[in-house]
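Here's the structure, in structure tokens; my notes come after.
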Amino acid sequence: MENKIVDHLFRHQYGKMVAILVRFFGFSNIETIEDAVQDTFVKATLQWRNEIPKNPEAWLVKVAKNRTIDLLRSIKAEKNRFNKISSGASAIVINELFLDHEIEDSQLRMIFVACHPSLKPKEQIAFALKTISGFSLKEISAALLTKEETIQKRLSRAKKTIIKKDIQFDYPPAVDIEKRLDRVMEVLYLTFNEGFHSTNKTKLIREDLCGEAIRLVKLLLKKEKFRNGKLYALFALMCFHSSRLSSKINNKNEIVTINEQDRSKWYFPLIKIGNDAMNKTMEYDDISCYHYEAAIAVEHLKAKTFEKTNWNKILRWYNKLYELQPAVFTYLNIAIVNLQLNKLEVVKEMLDTIVVSDLEQRAYLYYGCYADYFFKRKEIKKAISYLDKAIQNTSNNLEKEYLKKRKLQLEII
């Protein structure tokens, strides 16, 4: 039990501690800082074997503060400065940095550093998951479907770039905020998507990734200077999708597609929060892909049954999304919606223009769509052949089993 509590707290406290210590010591000491935070949790695991403190978070903060003082003493001593830290001005500053609003401020600064344009996109998301969200090397590797050594290299390059370019642990200047915030939102959106529909082999849903992305968006929304229509729309989209998480997998750990989901399991308090956020977007002039994706999610949530889904309205929003941001995955979704509308000729024409390799790890969805197309045309053998292709291109075991089940159903027709 104590290990579960430590794991939970590690996920929620690691980023806070690293952000505070980096703010105090600077990025040049980030390796030492990460070691110190790890030490704090190792100490917790050992000391909590017999008895868990009444307030574990307060205990961790206290240990982290003391570890900070020890670190500061050792670092400063090397430079022959500050002989007495624990009772000096530096200790006062440390205490101030552990105040709730300062912790949040430090994390927000870290978000913008992680998404700095000097870092490559793949480095940004790996660095964000590590330093802000406390994901281990193994977890990042699993989440991003990438080898651990590759993730290690990305993290190492990110740290070296930050130090070499002397990237400041601060917010971007006012003139750059909108552009930098766009990239921050992209990274958080990718993080959420990986949680909502994971490329991990054994898990379809990573609730920790979804929850972390939502937490960080909420953190951004607390600052008035970061609020805009896009950010509220992104928050709404995450709330809408999260409301369906519990219905995506059944008790047998099998995938439940939206047409078969128990809609009574959808979490309506989250839908209400999402609706409130969408209403907030009306106060701003900007429009984004998040607005349209949220609008699509709303249409699914509004439908009392799958059969009552307003596919024409969904098609309209997907077309708007594609006009704003042409992407092959959006184009495939338009084909899938047309399939629901039984516009088979349109579907065939669209599918034939898609370069499958452009879909990368989601290529199986293309083959699945083609299988549905042939099923609607009652060409069962062709439908089965495309399901075979979908199975071959699926990395997730749950999706593989779902597709195999569909194939068996077609084979007995």
Side-chain angles (χ1 to χ4, degrees), residues 7 10-23 26-38 41 106-169 172 180-203 205-217 219-220 234 238 360-362 395-396:
D7 288 345
F10 184 87
R11 168 74 72 247
H12 291 87
Q13 299 296 317
Y14 178 91
K16 295 178 184 178
M17 293 182 184
V18 170
I20 292 163
L21 299 185
V22 166
R23 188 171 177 181
F27 275 105
S28 58
N29 295 300
I30 192 167
E31 302 283 354
T32 309
I33 287 165
E34 289 178 336
D35 288 344
V37 175
Q38 292 276 4
F41 284 95
S106 295
Q107 285 187 286
L108 284 173
R109 289 166 186 252
M110 185 65 89
I111 291 172
F112 280 97
V113 170
C115 302
H116 195 279
S118 295
L119 274 59
K120 293 177 181 176
K122 288 181 179 179
E123 293 170 4
Q124 290 174 343
I125 193 166
F127 190 72
L129 289 175
K130 174 68 175 170
T131 57
I132 305 165
S133 308
F135 282 81
S136 68
L137 207 61
K138 188 175 182 179
E139 287 174 320
I140 299 170
S141 170
L144 302 182
L145 210 68
T146 308
K147 292 179 181 177
E148 284 187 41
E149 52 264 39
T150 303
I151 296 296
Q152 181 67 67
K153 287 175 184 177
R154 287 179 190 174
L155 291 171
S156 180
R157 282 197 302 267
K159 291 171 188 175
K160 286 177 182 175
T161 300
I162 289 166
I163 294 167
K164 184 181 178 182
K165 299 210 171 183
D166 193 25
I167 295 171
Q168 296 301 302
F169 191 71
R180 292 280 299 281
L181 188 59
D182 281 347
R183 183 54 193 157
V184 168
M185 285 189 279
E186 284 172 25
V187 169
L188 296 181
Y189 174 76
L190 288 171
T191 302
F192 181 88
N193 271 359
E194 180 53 41
F196 186 70
H197 200 131
S198 180
T199 48
N200 184 283
K201 285 189 177 182
T202 56
K203 289 184 179 180
I205 297 169
R206 293 285 306 274
E207 289 184 359
D208 49 356
L209 281 172
C210 293
E212 189 59 20
I214 289 174
R215 184 184 75 83
L216 294 173
V217 172
L219 212 57
L220 287 163
L234 177 60
M238 290 180 176
E360 298 179 349
Q361 290 147 347
R362 307 290 187 192
S395 59
N396 184 277

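Contact detail for G195 and C210: the closest heavy-atom pair is C-SG, 3.4 Å. The nearest pair of heavy atoms linking A158 to F127 is CB-CD1, 4.0 Å.
Residue Q124 forms a side chain to side chain donor-acceptor pair (under 3.5 Å) with just one option from E186, R183, R154, and that option is R183. The one candidate from I132, D182, V187, L181 that meets the side chain to side chain contact (heavy atoms under 4.5 Å, CB included) condition with C115 is V187.
No donor-acceptor contact under 3.5 angstrom links the side chains of E31 and N29, judged on distance only.
You'll find the side chain of L155 reaches within 4.5 Å of the side chain of L137, heavy atoms only. The side-chain heavy atoms of L220 and F112, taken from C-beta on, include a pair separated by under 4.5 Å. You'll find the side chain of M238 stays beyond 4.5 Å of the side chain of F196, heavy atoms only. Looking at F192 and V217, their side chains never come closer than 4.5 Å, going by heavy atoms from C-beta outward. The closest side-chain heavy-atom distance from R180 to H116 is below 4.5 Å. The closest side-chain heavy-atom distance from E34 to T131 is below 4.5 Å. Inter-residue side-chain proximity for L234 and Y189 is flagged as met; some heavy-atom pair is nearer than 4.5 Å. Put simply, the side chain of N193 does not reach to within 4.5 Å of the side chain of L190, judged on heavy atoms.
Atom CD of E148 has more than 12 heavy atoms from other residues, nucleotides or ligands within 6.0 Å.
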Begin with the C-alpha distance, continue with both residues' side-chain angles, and end with the deciding distance and a verdict on side chain to side chain contact (heavy atoms under 4.5 Å, CB included) for I167 and L119.
-> CA-CA 10 Å; I167 295 171; L119 274 59; 4.1 Å; yes

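The CD1 atom of I20 sits 8.5 Å away from the NZ atom of K16 when rounded to the nearest 0.5 Å. Separating the NZ atom in K122 from the OG1 atom in T150 is a distance of 9.5 Å, to the nearest 0.5 Å. Here the straight-line distance linking atom CD1 of I151 with atom NZ of K130 works out to 11.5 Å at 0.5 Å rounding. Atom CD1 in I33 sits 13.0 Å away from atom CE in M17 (nearest 0.5 Å). Put simply, CD1 on I30 and CZ on F169 are 9.0 Å apart, with the number rounded to the nearest 0.5 Å. Taken to the nearest 0.5 Å, the CE atom of M110 stands 11.0 Å off from the CZ atom of R23.
No donor-acceptor pair under 3.5 Å is formed between the side chain of S156 and the backbone N or O of Q152.
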